[in-house]
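Report on the following structure.
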Amino acid sequence: MSLTLHMARRAGSLAVAALLASALDASAASCTVSATAVAFGSYSPLSSTPADANGSVTVSCAPVLVALTLPYTIALSTGSQGSFLPRQMSAGSQHLQYQLYTDLLRTTVWGNGNSGTALMNGNLGLLLVFPASAMHTVYGRIPSLQSSAAAGAYSDVITVTVTY
């Protein structure tokens, strides 16, 4: 069972401030996003313990101008089933519920800010021509006791959108 994170990026209209106090905007940086999949491995539908796994999203930006602080947000899509609560992986017509979280305790659902979900916020300090990166852990969980889950390789595709 795996979850693949696909990346998308979108330039935002957020204002940023240069270290020299001159105003810049998000076009003053060039950013990329990369992700590692959340791979749950084997899941036992009879286990009373949830299956946890982690992935990551890394935002890397380089300044186009002299220096700036670049705020950004990271949103995760619902996945192929179109719902945050719960997200579902598929194996043909079979489904297995899972969720992605912003925190280690798995209390805050990572989404797009709608339906009770949260965005991940970050800030990169960029100086001269030196790029900066920030890695954010994606905490995944398959709830226990999903006894109706048939054996199979379940998967879902999540789109990562970084707005800066």
Output a table of donor-acceptor pairs, distance under 3.5 Å, between side-chain atoms of residues 124-138 and any protein atom two or more places apart or on a different chain; print 'none' if there are none.
| from | atom 1 | to | atom 2 | distance (Å) |
| --- | --- | --- | --- | --- |
| Ser133 | OG | Ser60 | OG | 2.7 |
| His136 | NE2 | Tyr72 | OH | 2.6 |

Test of understanding: clusters of I, L, V, M, F, W, Y form through side-chain heavy atoms closer than 4.5 Å, transitively. Do [X] and [Y] belong to the same one?
X     : Y      : answer
Leu85 : Tyr101 : yes
Val33 : Val38  : yes
Phe40 : Tyr139 : no

Quiz item: So, Gln81 and Ser90: side-chain donor and acceptor under 3.5 Å apart, yes or no?
Solution: yes
Practice problem: Starting from the C-alpha separation in whole Å, work towards a yes-or-no answer on side-chain contact (heavy atoms from CB on, under 4.5 Å) for Asn112 and Phe84. | Solution: CA-CA 9 Å; Asn112 63 7; Phe84 288 113; 3.4 Å; yes
[X] and [Y]: which non-hydrogen atoms are nearest, and at how many Å?
X     : Y      : result
Leu46 : Ser147 : CD2-CB, 4.3 Å
Ala53 : Ala39  : CB-O, 3.5 Å
Leu70 : Cys61  : CD2-SG, 3.4 Å
Ser77 : Thr159 : OG-N, 2.9 Å

Practice problem: Starting from the C-alpha separation in whole Å, work towards a yes-or-no answer on side-chain hydrogen bond (donor to acceptor under 3.5 Å, both in side chains) for Thr36 and Ser56. | Solution: CA-CA 5 Å; Thr36 60; Ser56 67; 2.9 Å; yes
Scan [range] for pairs that pass salt bridge (Lys or Arg N to Asp or Glu O under 4.0 Å), counting only residues two or more places apart or in two chains.
range            : result
residues 33-42   : none
residues 75-103  : none
residues 109-118 : none
residues 121-136 : none

Quiz prompt | Contacts of type salt bridge (charged side-chain N to carboxylate O under 4.0 Å, His left out), residue Asp52, not counting sequence neighbours | solution = Arg106, Arg141
Quiz item: Heavy atoms, side chains only, cut-off 4.5 Å: are Thr117 and Trp110 in contact?
Solution: no
Quiz item: Under a 4.5 Å cut-off applied to non-hydrogen side-chain atoms, are Ile158 and Leu100 in contact?
Solution: yes
Pairwise distance [atom1]([X]) to [atom2]([Y]) - rounded to 0.5 angstrom:
X     : Y      : atom1 : atom2 : answer
His95 : Ser148 : NE2   : OG    : 10.5 Å
Tyr43 : Tyr154 : OH    : OH    : 9.5 Å
Gln88 : Gln94  : CD    : CD    : 11.0 Å

Self-check item: Residue pair Ile142, Gln99: steps toward the side-chain contact (heavy atoms from CB on, under 4.5 Å) verdict
Solution: CA-CA 7 Å; Ile142 300 174; Gln99 196 51 268; over 6 Å; no
Quiz prompt | Any donor-acceptor N/O pair, Ser47 side chain to Ser44 backbone, under 3.5 Å | solution = no
Practice problem: Pick out which of Val59, Val162, Ile74, Val57 makes a side-chain contact (heavy atoms from CB on, under 4.5 Å) with Met120. | Solution: Ile74
